[in-house]
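Please read the structure below before turning to the comments.
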Amino acid sequence: MRYLSTRGATEPMGFTEAVATGLAPDGGLLLPEKLPDLSEHFDRWARLTYPELCEAFFSHFATDLPADVLRDRVRRSYASFDHPKVAPLTRLDAHTYALELFHGPTLAFKDFALQLLGNLYEEQIRRTGKPINVLGATSGDTGSAAIHGLLGKEGVNIFILYPRNGVAPLQERQMACTGADNVHPIAVDGTFDDCQAIVKDLFGDLELKQRFNLSAINSINLARVMAQCVYYLAAWFQLPEQARQRVEFVVPTGNFGNILAGWMMQKMGLSIERFCVATNQNDILYRLFETGRYEVDTVQPSHAPSMDIQVASNFERFLYFHENGDTDRVKEIMQNFKAHGRYTFESFQRDTFRASRATDADIERIIADVYQRYGYIVDPHTATSFADLDPEMTSVILSTAHPAKFPDTLQQAIGTEPTAPALEALKARELHRNEMPASADTIRTFIEQTVRL
Ligand SMILES: *Cc1c(COP(=O)(O)O)cnc(C)c1O
């Protein structure tokens with residue numbers, strides 16, 4: 001299998017190179033050259049464990065990795081999950097199911113992709129002998145999931161910038177209490193935008209980038225989307241036969257990576273009838289799927305911070321399929337959108353999509369409601385999924401985070417704070433963070449002094 005850029009000006013490449021590359025040199029995102037119909041394998045795959053299923057799926061995509069290497073990388077990645085099913089499906093009632101994606105080390109669904117990505121990076125370092133320094137900015141979940149994907153790995157340093165007063169206390173502890181000496185959390189005296197600007201600035205310094213082999217951990221890496229396809233299969237295989245007639249996956253959405261993976265899985269033969277794009281009050285995607293108008297607004301902080309996004313970085317991949325692989329059209333639309341902050345589609349096909357949105361007040365009400373109705377506690381991101389369920393269909397809700405990560409909102413909504421052993425353990429650990437001003441120079445010097453070349 002080869003991988004192509006959504007902008008058409010990058011030579012096709014193999015899986016390993018695509019994973020190492022991240023963003024395509026022409027500014028586009030990488031995608032498989034075709035989405036094969038895998039449905040002939042489903043009967044057999046239904047009997048596999050999660051790591052076996054993941055390996056079977058990736059054997060169609062990571063075609064340049066030796067089979068034993070792929071097996072080893074996948075096994076390691078899911079060994080760190082604390083549930084035997086890895087992604088268990090919980091029945092709430094006869095037509096409502098929750099796919100729990102929070103059993104990984106940081107208790108959010110990003111672990112599925114970042115554990116695997118970390119293990120693929122490790123393999124790459126082993127093969128090339130070249131150390132990597134990972135640099136990124138986070139407002140929470142991505143940073144901690146990336147750190148836990150790379151924790152203690154030989155040949156990797158990881159520098160994660162976050163706004164000093166802008167991440168939840170437990171999220172900070174997940175980043176700054178690891179005790180691993182290759183992890184360097186940097187609490188920046190500034191906003192998330194300041195952090196991102198510094199990262200962009202440092203990546204723009206090509207001499208620095210080359211000397212330190214700087215690598216990004218952004219949400220656009222091909223391996224992230226592909227790894228997320230697997231749990232849609234796992235969910236399907238756990239659904240009772242009689243519930244599979246008309247299935248809608250409901251996905252709390254920010255950067256459109258999670259839901260895109262499901263949609264690709266549908267294209268590869270899984271008979272999902274529809275997807276619901278669940279947004280919070282930052283509802284650019286809700287507006288797009290309702291009206292065909294894609295228009296940025298300012299980001300408003302919400303109870304579901306990992307969905308506080310206006311421009312969804314994975315949207316370009318969807319656009320590529322939407323425009324039938326016409327890379328010139330994709331480039332034109334993206335440039336147009338970048339210049340004007342909006343784009344109106346004349347014919348926007350939303351055949352298998354619909355959208356819903358939830359304000360902070362809705363989120364609190366839903367958490368209380370779901371708790372009362374099912375005795376089940378959802379986190380604020382997952383709560384957005386319940387805003388507008390279709391009673392005519394089987395709803396599979398993607399539970400993207402463990403509720404214990406958001407004690408304040410839970411306290412407000414139901415008057416108790418759920419706990420998780422992994423988080424409790426963190427509270428006793430010492431916090432090691434590097435406090436720095438919002439200055440690219442200071443952080444450049446810190447990287448230079450930390451990494452021994
Ligand atoms: C990242 C994240 C999301 C949004 O997922 P996207 O792939 O960016 O759409 C939703 N919920 C949680 C808990 C997250 O961490």
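Below, each value reflects all heavy atoms present in this structure, side chains not excepted, and no hydrogens, waters or symmetry copies. One-based numbering along the sequence shown.
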May I ask you to check whether F42 and W236 place their ring centres under 6.0 Å from each other?
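Centroid distance W236-F42: not below 6.0 Å, so no.
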In terms of the angle between their ring planes, are [X] and [Y] parallel, tilted or perpendicular, with boundaries placed at 30° and 60°?
| X | Y | result |
| --- | --- | --- |
| F256 | F353 | tilted |
| F348 | F289 | perpendicular |
| F345 | Y343 | perpendicular |

What I want to check is whether the side chains of [X] and [Y] have a donor and an acceptor closer together than 3.5 Å.
| X | Y | answer |
| --- | --- | --- |
| Y3 | T21 | no |
| Q300 | D308 | no |
| N336 | Y294 | no |
| D193 | T191 | no |

Taking the side chain as C-beta and beyond, is there a heavy-atom pair between [X] and [Y] under 4.5 Å?
| X | Y | answer |
| --- | --- | --- |
| P252 | M307 | yes |
| L114 | H148 | no |
| S306 | H381 | yes |
| K405 | D379 | no |
| Y231 | L398 | yes |
| L423 | Q174 | yes |
| S139 | Y162 | no |
| F112 | F81 | yes |

In sequence, state the C-alpha distance, the side-chain angles, and the governing distance for L48 and F237, and then conclude on side chain to side chain contact (heavy atoms under 4.5 Å, CB included).
CA-CA 10 Å; L48 302 180; F237 297 147; over 6 Å; no
Candidate pair N221 and R224, rule side chain to side chain donor-acceptor pair (under 3.5 Å), full reasoning
CA-CA 6 Å; N221 196 293; R224 290 189 61 179; over 6 Å; no
Search all heavy atoms of G22 against all heavy atoms of L30 and return the closest pair with its distance.
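Looking at all heavy atoms of both residues, the shortest contact is O-CD1, 3.7 Å.
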After noting the C-alpha distance and the side-chain angles of R7 and E316, does the key distance pass the salt bridge (charged side-chain N to carboxylate O under 4.0 Å, His left out) rule?
CA-CA 9 Å; R7 306 226 179 152; E316 183 166 341; 2.7 Å; yes
Check whether any side-chain N or O of E392 sits under 3.5 Å from a backbone N or O of R246 as a donor-acceptor pair, and report yes or no.
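Answer holds: no.
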Does R164 reach the main-chain N or O of D189 with its side chain, forming a donor-acceptor pair under 3.5 Å?
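Checking the backbone N and O of D189 against the side chain of R164, no donor-acceptor pair under 3.5 Å is found.
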Salt bridge (charged side-chain N to carboxylate O under 4.0 Å, His left out) evaluation trace for D388 with R354:
CA-CA 10 Å; D388 181 23; R354 68 182 183 111; 3.2 Å; yes
Consider side-chain contact (heavy atoms from CB on, under 4.5 Å). Of I309, N314, I259, which one does T253 pass it with?
I259
Check against side chain to side chain donor-acceptor pair (under 3.5 Å), T384 and N280
CA-CA 6 Å; T384 62; N280 63 16; over 6 Å; no
